[in-house]
Structure formats: C-alpha cells, structure tokens
Amino acid sequence: MTTENNGDQDNMETTTTPSSLSSVASSSKRKVINTKAMGTGLEARGVHAWFGNHHALADVSLDFAAGTVTALIGPSGCGKSTFIRTLNRMHEFIPTAAMAGQVILDGKDIYDPSIDVTKIRLQIGMVFQKPNPFPSMTIGENVLSGLKLAQLKTENKDDLLEECLVKAGLWNEVKDRLNAHGGSLSGGQQQRLCIARSLAVRPQVLLMDEPCSALDPGSTLRIEETIEELSSSMTIVIVTHNMQQAARVSDYTAFFLSDGGPGQMIEMAPTNEIFARPRDKRTENYVTGRFG
Amino acid sequence: MTTTSPFQDIKPQRPWQASTKDRLITFAIFLLSILASVVVVSFTGLSGKLGLFVSFVFVFIFVTSGRSYLQFGSAVAKDSLVNILVAVGTFLTIIPIASILFEVFSKGYKGLYPGLFFQDMSLNSPNDPANVGGLGHAIVGTFLLVSIALIFSVPIGILTALYLTEIKGKFSRPIRFLVQAMSGVPSIVAGLFILSAILYPITKNNSSLLGSLALAILMIPTVARTSEEVLNLIPNDLREAGVALGGTQWRTVAMIVVPAAKSGLLTAVILGIARIAGETAPILLVAGGGDRYNFNPFSGPMGSLPHFIWNSFRAGTPESTARAWTGLLVLLVIVFVLFAIARFFGNRKVGK
C-alpha cells in the first residue's frame, strides 16, 4: 500500500479559531443505540482510487462506527463521491477504474476475491444524487424491488412495505396510491421512495451521495429527519455540499480536499469539533466559507 | 357562474403569431408569384410544369425576402430566404412519395374485392379478370415467412444489443461494426448465402423456413441497432440503483433495464418486420413462390406478397398487371400499418 501523501496532515498547524458555524453544530448528538442488526460499522483502510492513470483519491482511512452518521464534505472534485462508491463496490462500474486498500465490514475485506459482491451491496445500501425510481414499477413495487432483485423471501410484504415507507417519511403521502407509478411523485418524494427502497433489504450501512442536492428545502428537511431517525438502527455515510446539512445531521464529519493532486482526507472529527475547532487550517478555511 | 374573476375581461392573445393582415399579404405574394411565373413562362424560354415551378420559386423567394429586407433588414431577409428554401426542399421530397402512394392506390383499388383475401391463384390463369382468384396464399406466405424470421431474429438481435450496451465486452467494437455493415448487405446476398449454404447442399428444396432464415439475416441488424439505441437511452442511474440493491447484473437487466425499454424494443421489432415484409430477392431464391395455399413452412414453395406482385407483373396481361397493383396496395398498407404501430409505441414515454 502506498503512503506517499501521509506526511501532509502532520505538518499542518493546529488552529482553534471558533467557527461561525459552531452554533449550528453545538446541539450535541445523543442517541440510544440499538445494536440489533446494526453490525459493527464500516472501516476504510488506506483506500486509493484511480480512473485510468488519474489518481483520484489517495490513502483514505476512516472508521465509521455502528449507529453513527458521518458526513463527507469538501469542494467538488476532491474525491468524496469516488470514495463513497468504493465503500459498496460501485466504483468498479467505471470501465477504467482501479483501487487499492481495504474496506472492512464485519471483520472482512469487501474486496476479498472470495466475497460475493451482491451480498455486500445488500448489506451496504446506497442512495444516489438524482432520485431514480424504477420507471416500469409502481410505488409499492419500487420499495420491494430489492427483494425481487436479490431474490430474497419475506414473510409479509405489506408490513415491510409500510415499515419502509414509514421510516422514509413517505407513508402518509403515498399509502392510498401504492399502485401509481414512481415517476408520478415529486422529486423529493421520489428521493424518499429511493430511501425506502434501500431500506427494504435491511442494510447495515446506508451510503448517501448528495441525496438532497436536487431537492427543495422542504424535501431536504424531510430527508434530514429521516436520516436522524434511521441513524438509531444503522450506520450512515452521507456526502454533502451543504455544510449546514452536515452540521445538522451528522455525528462525525470528514473533510476531503484535493490540492491539484489526488483527493485526500484532511481530517475527521466529531461534527461540532470540525465546525468549532478544526485542527487543520484548510478545514477551517473551508468550513468558514473562505474558499470552496 | 357566480364567481367573478377580476381578470375576466382579459383575453389570451398570441402576439407572436402572424396577424390576418400578414397572412393576406403572404397569400397575395403567393398569387402574384404564380401570376408572375405564368408571365415568365409565356415570354421566355422556360416552359412546362417544371419551368412554371422553377420561376414560381424564384419569384416567391425574391419578393418575400425583398419584403423582409425592406421591413426588417438583411438578417431577417436571409432568415426568410432559408425558410423558403427549406419549405421547397420538403415539398420536393414529398412529391415522389405522394405520387407513389397516389399511383399505387389509384391503380390498385380496382382489384380489391372480398374474395381477394381468401382465394389463391392455383386455378387461375393470368388472363382471368381481376375479380377472380386472390392473394390469400401470398398473405399466408408473408405471414409465415415473417413470423419464423421473427423467432430467429428477435432473440438474437436483442441479445446482441444487450451485449453491446450492458456487457460492453471486449468484442463490442468489432460486433458493432459488423452489425452496422450487415445492415447494408444487399438482400440478394442473404438469399444467395442460404441458397449455397443450406438449400443446395442440404435440403435441395424450396421452403419458407429457408426464406425466413434469409430474412432473419436481414432483420437482425435492424433489430440489434434500434434496440441498442433504445437501451442506450435508459439512464445509467437505473442500472446502478439496481446493482446497489443487491441485484446481479442479469437480474438488473431483466427486471429494470429491459422493462424500462419495453416500448422501444417493441418498436425495434416492428421496424425490423417492416424492413423485411417487402423483401423479394431472397424469397425468390430460396422460398420459391407458389400460387396455392401452403401452410407447411418446412417444405414446398411458398408464395408471398412480393412474389405475387413480381409474378403478376411478369405475366404481362392487363388483368394480371392490375392484380399486381392490387398486391402492391395490400403490401403497402400492411407496411404502413406496421410503421404506424411502431410510431405509436415509440412515441409513448419510456417505461409507461
């Protein structure tokens, strides 16, 4: 494993300048952790990513503890999305992609050749930037599509359907039209439908790649409430460009940055610390809005 | 209505549309141009319909652009000049199509009578009047030829498209190139291929199965290319979402990609049918062409609409020529209906 860029972080001076955003983040996170079926979190060890010869991401090591929400922030092109896509092996769908490092789930590397990759994606779900309900399916079929795709059996489909839609905060809006097409919903509802769809296969980890970037503030709020609720039963990693959102929903925040070279993880800390007392000057510049 | 809107006096308007006055002026220019072209034809070397049309176009272009130039300047004049040229081009394109349709209809409709669709030609000579005998055997033959060709070409065509769009394997580029090249293969080549590869060495006999094989060779590239384009329109998000839910690639393609592309794939198949329904050369070579009903696709010569038309024209008598025009009309209508169905499905929103 290459570690040529490791030195950077250590050289940086530590700063303690309070951030203007600290008040937003100060409502410290607290929750009763329900350890049932939550697993043991997810750990990235020295993850690198390439697109062809372009080294997009260098040496990211992050530990996502079970039942926490971690926000990945940073300017565009710093490798956040690339990183989150290495966490459930979506990175490999880009034809020229390559990676190095390990991603550990339940003590096993998900890139181990003996692992069944479809099982991994069942345990690590993903919500995408653009709402993408399946156009040929109804709302109800969309929610249960994961079961059909992965050929899983469930005792009571109706209960599962309701449970997932309730968790995603969509039940009241769609309970009378479960047979309507997914495309008939508004953008925000579609995104919550996609969240409900990810929940139906009961993942331990949910990855969200800028889930609110295409949505209005009202829908964004609903999804943040959903994240809050879900975090008691699963591990969530969310990429966001909205720092207020990171401050509102996350327990931990990791700051990514690319200084012309491959993107790197600059620092990770509890969210209120990142916004109030970032250790790295670059993090402080970013979270206070001085660049990016 | 008891509710009174404060806006009820305001009428919706379309100020960007041509006013009645504008339309009248355009119409006047149109009439004037016709008049001017008549004058031009009678006083210059130009003559006939063509001369009339050419001088009309020039006068109309000159007057309309001149008017735009005086009113709005050179940019608008150029705009209206190009507009007229485009309209003339469209008109010139439509003329041959419309004249074919008109010709086929006006010569073919006389032979239409109910028995036409049920009787065959086995008891008729070319000299019989057009209201005796029929092309029932040809319709049955075309139907059998096309359906069996479908059985071969639809799975192969769609699977090829799936290979090109979903698997994107090492051989995508050469296969895409081959498919494109194959769609330009002259139909006689497909017929000769089946003739020399199967008919002469193996079966030694005409049959519509062989005709279908030749037609399938022609249809596969059409189905594969159209399906590929349709599948490429399905957003990649959907594939990623399917895989991210724990589906294998096969489950994702079968449950999400193909259903989303359903109507487009249907269009691809119908376009393929329209491509082969009128093919004559390969059918003449390998399916032979009977003038009696043959319901067995595995042996014996099989009639078909193109063969019926060809055969009737070849006979040369006025009666059989009329019969040929009627056959043309029937074939054209069938192909048109297929295109209409394809348009209908193609225009529906993907996934609906």
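Within every chain, numbering begins at 1; the chains are lettered A, B, ... in the order of the sequence lines, protein sequences first and strands thereafter. Values reported hereafter were calculated over all heavy atoms of this structure, with side chains retained and with hydrogens, waters and symmetry mates removed.
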**Prompt:** Top residue by heavy-atom pair count (under 4.5 Å) with chain B, among M90(A), Q123(A), Q129(A)?
**Reply:** M90(A)
**Message:** Heavy-atom pairs under 4.5 Å with chain B - which of K119(A), M126(A), K130(A), K148(A) has more of them than the others?
**Reply:** K148(A)
**Fill in**
Given the options P135(A), P133(A), S136(A), L238(B) meets side chain to side chain contact (heavy atoms under 4.5 Å, CB included) only with P135(A)
**Toward chain B, the part of P95(A) with a non-hydrogen atom under 4.5 Å** = neither
**Fill in**
Under 4.5 Å to a heavy atom of chain B? For R197(A) that would be both
**Asked** Is it the case that more than 12 heavy atoms not belonging to N53(A) sit under 6.0 Å from its CG atom?
**Response** no
**Message:** Can you confirm whether F336(B) is buried at CZ, in the sense that more than 12 heavy atoms of other residues, nucleotides or ligands lie under 6.0 Å from that atom?
**Reply:** no
**Asked** If you count the non-hydrogen atoms of other residues, nucleotides and ligands that lie under 6.0 Å from CZ in F193(B), is the total more than 12?
**Response** no
**Prompt:** Would you say D237(B)'s side chain and N132(A)'s backbone share a donor-acceptor pair under 3.5 angstrom?
**Reply:** no
**Fill in**
Under 4.5 Å to a heavy atom of chain B? For F134(A) that would be both
**Exceeds 12 heavy-atom contacts within 6.0 angstrom, atom CZ of F117(B)** = yes
**Prompt:** Is the CZ atom of R177(A) crowded by more than 12 outside heavy atoms at less than 6.0 Å?
**Reply:** yes
**Asked** Counting a contact as any heavy-atom pair under 4.5 Å apart, which residues of residues 243-253 of chain B contact chain A?
**Response** V243(B), A244(B), L245(B), G246(B), G247(B), T248(B), R251(B), T252(B)
**Request:** Would you name the heavy atoms of F128(A) and A241(B) that are closest together and state the gap between them?
**Result:** CE1-CA, 3.6 Å
**Request:** Give a yes or no on whether F143(B) atom CZ has more than 12 heavy-atom contacts from other residues, nucleotides or ligands under 6.0 Å away.
**Result:** no
